[in-house]
Number of protein chains: 2
Amino acid sequence: MNNRQRIIETSLSLFNERGTSAVSTNHIADAAGISPGNLYYHFSNKMEIIRTLFERLFAAWDEVFQLPVKRAPSMTDLEKMITANYQIIWQYRFVYREQAALLRQDTELQARYLEVRQRGYEGFAALIEAYVTAGVLSPPADDKELATLTELCWIVSEQWPINLELRGRAFDADGIMEGTNLMRWVLRPLFKE
Amino acid sequence: MNNRQRIIETSLSLFNERGTSAVSTNHIADAAGISPGNLYYHFSNKMEIIRTLFERLFAAWDEVFQLPVKRAPSMTDLEKMITANYQIIWQYRFVYREQAALLRQDTELQARYLEVRQRGYEGFAALIEAYVTAGVLSPPADDKELATLTELCWIVSEQWPINLELRGRAFDADGIMEGTNLMRWVLRPLFKE
DNA sequence: GTCTATATAATGATAGAC
DNA sequence: GTCTATCATTATATAGAC
């Protein structure tokens with residue numbers, strides 16, 4: 001692994017551990033085993049490191065929220081998507097703990113966030129529609145209802161791991177299962193009997 | 001208004017504007033029109049100011065999530081609770097933008113948070129039960145279902161204003177109405193036809 | 001690419017006079 | 001209670017040698 005990569009990995013680990021504002025460029029360089037000067041050769045400041053980590057998160061999102069498969073989707077696909085999303089959130093948990101504060105400081109980054117979020121949103125909406133087409137879920141009353149449902153799923157899935165943390169609970173198999181159940185509740189109005 | 005109070009009000013306003021880590025005790029003293037030394041007479045450090053603001057937030061929560069009235073509750077009571085909660089979140093929006101990060105730094109504060117959150121949670125659950133008793137909502141299948149529902153409402157209501165912000169949308173009458181509609185969707189499985 | 005050394009500024013916090 | 005003055009520490013960032 002080259003030093004640029006080492007800086008990125010070390011930063012992610014320190015940010016997740018202590019939060020972005022408690023971690024200085026000196027801390028990062030130190031933990032990465034390089035000099036502060038060297039760090040500034042690779043990145044012009046701390047925010048550029050943070051932005052790089054956001055981009056990695058965005059790439060991970062794009063992979064998870066793709067419209068899957070040609071075949072008719074089963075409920076297992078949905079569960080896989082939810083679980084994969086939880087894993088990503090946990091991997092980049094510092095982002096989810098601070099995202100509103102971080103994006104407010106950087107309007108360009110916020111624009112990128114909105115763009116990628118929109119794609120994820122559309123991918124998830126397409127999945128719901130595929131379920132409706134396949135006859136697994138009942139059709140929503142109208143587009144407005146579909147949008148509300150998608151938004152709700154988004155908020156819950158995005159907040160669930162952090163919510164567990166706020167309550168002092170571990171993000172373990174139990175916690176993931178609970179989160180998946182919560183998502184089932186959200187979708188229940190579309191379940192067929 | 002005395003200086004202690006002025007420090008608190010000024011801090012809230014600066015934290016909401018720029019975030020806790022971008023605001024120093026010097027900034028606060030400056031904006032409050034007092035000396036840094038004076039600030040340290042009233043508070044021993046920045047975290048103590050943040051803790052004081054959390055306590056004010058907790059007090060506001062306790063008021064909103066009380067079990068209301070002796071009379072049978074109408075759906076208007078629920079809407080009032082939701083709207084009042086949104087107002088509080090907006091007033092202390094810096095907390096909601098950073099809460100996971102802030103509580104991780106201060107285990108005592110996290111314990112307080114859990115305690116107050118639990119009371120709010122119970123107050124909300126009691127309201128749902130009151131609706132069921134009054135025949136406004138259908139009874140949930142069991143306690144587990146009630147707990148899931150309460151948790152879901154909590155997450156959504158807590159995250160809605162910040163969610164609007166993340167999407168670059170204003171927290172105006174429209175946004176509040178959308179949030180209320182979202183809550184209606186969550187409760188829909190209990191609605192009677 | 002990487003290091004050491006250093007400039008510059010800001011931060012949290014205290015001492016001591018009034 | 002409030003101020004001025006000041007300290008020790010840390011942060012970001014750059015210059016220049018290798």
Side-chain angles (χ1 to χ4, degrees), chain A residues 1-56 94-95 97-98 101-109, chain B residues 1-56 94-95 97-99 101-110:
Chain A
M1 191 165 50
N2 63 17
N3 276 339
R4 191 191 144 85
Q5 211 52 37
R6 214 188 309 276
I7 292 167
I8 294 173
E9 301 296 342
T10 308
S11 299
L12 176 58
S13 149
L14 288 177
F15 289 162
N16 279 340
E17 189 59 35
R18 295 187 238 156
T20 53
S21 50
V23 175
S24 72
T25 49
N26 282 4
H27 292 143
I28 298 169
D30 208 44
I34 62 169
S35 67
N38 193 358
L39 184 145
Y40 279 93
Y41 172 79
H42 290 287
F43 295 92
S44 58
N45 54 45
K46 197 166 96 177
M47 199 60 198
E48 204 181 297
I49 302 178
I50 293 173
R51 255 189 247 113
T52 306
L53 286 169
F54 264 91
E55 286 302 329
R56 295 207 338 183
F94 88 91
V95 169
R97 291 187 191 123
E98 310 176 38
L102 288 172
L103 293 178
R104 263 173 60 80
Q105 289 169 38
D106 188 329
T107 50
E108 258 184 66
L109 187 60
Chain B
M1 193 164 50
N2 63 17
N3 276 341
R4 192 191 144 85
Q5 211 53 35
R6 214 188 310 275
I7 292 166
I8 295 172
E9 301 295 342
T10 307
S11 298
L12 176 57
S13 150
L14 288 178
F15 290 161
N16 279 339
E17 189 59 35
R18 295 187 237 156
T20 54
S21 51
V23 174
S24 72
T25 49
N26 283 6
H27 292 142
I28 297 169
D30 208 44
I34 62 169
S35 67
N38 192 358
L39 183 146
Y40 279 93
Y41 171 80
H42 290 287
F43 295 91
S44 59
N45 53 46
K46 197 165 96 177
M47 200 59 198
E48 203 181 299
I49 302 178
I50 293 173
R51 256 190 245 113
T52 306
L53 286 168
F54 263 92
E55 286 302 329
R56 295 208 339 184
F94 88 92
V95 169
R97 290 187 192 122
E98 310 176 38
Q99 63 179 334
L102 288 172
L103 293 178
R104 263 173 60 81
Q105 289 169 37
D106 187 331
T107 50
E108 259 184 64
L109 187 59
Q110 208 213 6

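All values derive from a computational prediction rather than experimental measurement. Proteins get letters first, then strands, A, B, ... in listed order; numbering begins at 1 in each.
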Self-check item: salt bridge (Lys or Arg N to Asp or Glu O under 4.0 Å): pairs with one or both residues in residues 19-28 of chain A, sequence neighbours excluded
Solution: none
Practice problem: Quick one: list whatever passes side-chain hydrogen bond (donor to acceptor under 3.5 Å, both in side chains) with A:Ser21, sequence neighbours left out. | Solution: none
Practice problem: Only counting residues at least two apart or in another chain, list the ones meeting side chain to side chain contact (heavy atoms under 4.5 Å, CB included) with A:Gln5. | Solution: A:Met1, A:Asn2, A:Ile8, A:Glu9, A:Arg56
Quiz item: Taking only residues two or more places apart in sequence, or in another chain, which ones meet B:Asp30 in a salt bridge (Lys or Arg N to Asp or Glu O under 4.0 Å)?
Solution: none
Practice problem: Identify, with sequence neighbours excluded, every residue that meets side chain to side chain contact (heavy atoms under 4.5 Å, CB included) alongside A:Asn16. | Solution: A:Leu12, A:Arg93, A:Phe94
Self-check item: side-chain hydrogen bond (donor to acceptor under 3.5 Å, both in side chains) partners for A:Ser24, two or more places apart
Solution: A:His27
Exercise. For B:Glu48, check salt bridge (Lys or Arg N to Asp or Glu O under 4.0 Å) against everything at least two apart and list the hits.
Key: none
Quiz item: Listed in order of residue number, which residues of residues 15-29 of chain A have a non-hydrogen atom at under 4.0 Å from DNA chain C?
Solution: none
Quiz item: Listed by chain and number, what are the salt bridge (Lys or Arg N to Asp or Glu O under 4.0 Å) partners of A:Arg4, not counting sequence neighbours?
Solution: none
Quiz item: 5' to 3' on DNA chain C, which nucleotides open and close the contacts with chain A (atom under 4.0 Å from a heavy atom)?
Solution: C:dG1 to C:dT4
Quiz item: How about A:Asn3 and A:Tyr41: do any of their side-chain heavy atoms sit closer than 4.5 Å?
Solution: no
Exercise. Mind checking side chain to side chain contact (heavy atoms under 4.5 Å, CB included) for B:Glu17 and listing every partner two or more places apart, or none if nothing turns up?
Key: none
Exercise. Strictly below 4.0 Å, heavy-atom distances to any atom of DNA chain D: list the hits from residues 38-50 of chain B, or just say none.
Key: B:Asn38, B:Tyr41, B:His42
